[in-house]
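The basis for the numbers below is simple: all heavy atoms, side chains too, and nothing from hydrogens, waters or symmetry mates. Positions are given from 1, in the same order as the sequence printed here.
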Amino acid sequence: MEQGSRFIVIDDPADPRVADYVALTDVALRRRREPAEGLFIAEGERVIERALRAGYQPRSVLVSPARLAGVPERIWAEPAAGHPPPVFVAGPPVLEAITGFEVHRGALASMCRRPALDPAQVLAAARRVLVCEDLVSHTNLGAIFRSAAGLGMDAVLLSPRCADPLYRRSVRVSMGEVFAVPYARLDPWPGALDLVRAAGFEVVALTPAPDAEELTPAWGAAADRVALLLGTEGAGLSEAAQAAATRRARIPMAHGVDSLNVAATAAIACYLLGIRSR
């Protein structure tokens, strides 16, 4: 590219200017590094655009030459620090060497995190919330945020051990809807569920237990504020979390199936108690 263009060519994977993008497939490393350094990675033009629209500020962009036209114009429109972030261009072999995977979507952006929200503030502005206990799958968490956004939930609350909603896979699976749903962490767990009840929410624990009540849209119509508790993959909700709930509910199953994936359960519950009860 010509000298003075707004794009910066990267031909060395060890170039320190693209350090934000190194080893994106190393989950343990990224879990430690990204929150500590106040960044997260948005993958793909659509997700980058949604992050920008939600007000997240870009640190930089890393893109393949073939996808330069897809870099959102918003990147240059309103730079927070008075100048646009650097846009690095690297060919596919260099991109793969930097990130650790073949970047099919062609564009990545390193974005600035925001300060964590206070759960009391989140609850004050909400009527329908999801509360997740120890969900460690980034894929499931991303799918849950997408359902929450599309099916009428106002917020998501997370136990301390839940996965990072802004981890690249969560963001990608949510199609950027994680940016549209306020979220906060409840700590200590499950003691902080007292805060949810004190805010006037009926706390409903979702469980496949046969003695639980059947979840129906009438629940949403009867309660002004509802918080749905979702348990970790496999084990489900802990006994302590269920004991902190005001009701226990189940989704009826057929053909001897005992339960659904937690993301599927969340989608059904959001539909029953979200947009259908407003």
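Legend: ring-ring contact (aromatic ring centres under 6.0 Å, His included) pairs involving residues 225-261, not counting sequence neighbours: none detected. The salt bridge (charged side-chain N to carboxylate O under 4.0 Å, His left out) pairs that include a residue from residues 16-30 are D15-R17, D20-R33, D20-R59, R30-E34, where partners are two or more places apart or lie in different chains.
Of the charged side-chain nitrogens involved, at least one lies within less than 4.0 Å of a carboxylate oxygen, so that R161 and D134 count as a salt-bridged pair. Checked for salt-bridge contact, E45 and R67 meet the test: a charged N lies under 4.0 Å from a carboxylate O. Between R31 and D164 there is no salt bridge, since no side-chain nitrogen of the basic residue lies less than 4.0 Å from a carboxylate oxygen of the acidic one. Classification of R50 and E177 as a salt-bridged pair holds, one side-chain N sitting under 4.0 Å from a carboxylate O.
The backbone N or O of T207 sits nowhere less than 3.5 Å from a side-chain atom of R248 that would complete a donor-acceptor pair. The backbone N or O of S110 sits less than 3.5 Å from a side-chain atom of Y21, completing a donor-acceptor pair.
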Show, in sequence, the C-alpha distance, side-chain angles and deciding distance for R247 and E213, and conclude whether the salt bridge (charged side-chain N to carboxylate O under 4.0 Å, His left out) test is met.
CA-CA 8 Å; R247 299 178 79 170; E213 303 173 70; 2.8 Å; yes

Given I10 and V89, is the side-chain contact (heavy atoms from CB on, under 4.5 Å) satisfied, shown in steps?
CA-CA 6 Å; I10 300 294; V89 181; over 6 Å; no

Can you check salt bridge (charged side-chain N to carboxylate O under 4.0 Å, His left out) on D258 and R250, steps first, answer last?
CA-CA 11 Å; D258 62 348; R250 63 181 175 85; over 6 Å; no

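Each of L130, V262, I268, T265 was compared with L206 under the side-chain contact (heavy atoms from CB on, under 4.5 Å) criterion, and only T265 meets it.
Side-chain contact between R46 and M175 is present, with at least one heavy-atom pair separated by less than 4.5 Å. You'll find the side chain of I75 reaches within 4.5 Å of the side chain of L52, heavy atoms only. Contact check for V87 versus V63: side-chain heavy atoms found under the 4.5 Å cut-off.
Hydrophobic clustering (ILVMFWY, side-chain heavy atoms < 4.5 Å, transitive): V173 and I41 are in distinct clusters.
Scored by the side-chain hydrogen bond (donor to acceptor under 3.5 Å, both in side chains) test, R197 finds D194 as partners (sequence neighbours excluded).
Aromatic ring orientation, Y56 versus F40: perpendicular (interplanar angle above 60°, classes split at 30° and 60°).
In this structure, R168 satisfies the cation-pi test against F101, with its NZ or CZ atom closer than 6.0 Å to the six-membered ring centre and inside 45 degrees of the ring normal.
Alongside L195, the hydrophobic cluster contains L117, V122, L123, V129, V131, L157, L186, W189, L193, V196, F201, V203, L229, L237 (criterion: ILVMFWY side chains under 4.5 Å). Residue Y167 shares its hydrophobic cluster (ILVMFWY side chains chained together at separations under 4.5 Å) with V27.
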For residues 138-152, dump all side-chain donor-acceptor pairs below 3.5 Å to protein atoms at least two apart in sequence or in another chain.
{"from": "N140", "atom 1": "OD1", "to": "N261", "atom 2": "ND2", "distance (Å)": "3.3"}
{"from": "N140", "atom 1": "ND2", "to": "E233", "atom 2": "OE2", "distance (Å)": "3.3"}
{"from": "S147", "atom 1": "OG", "to": "A143", "atom 2": "O", "distance (Å)": "3.4"}

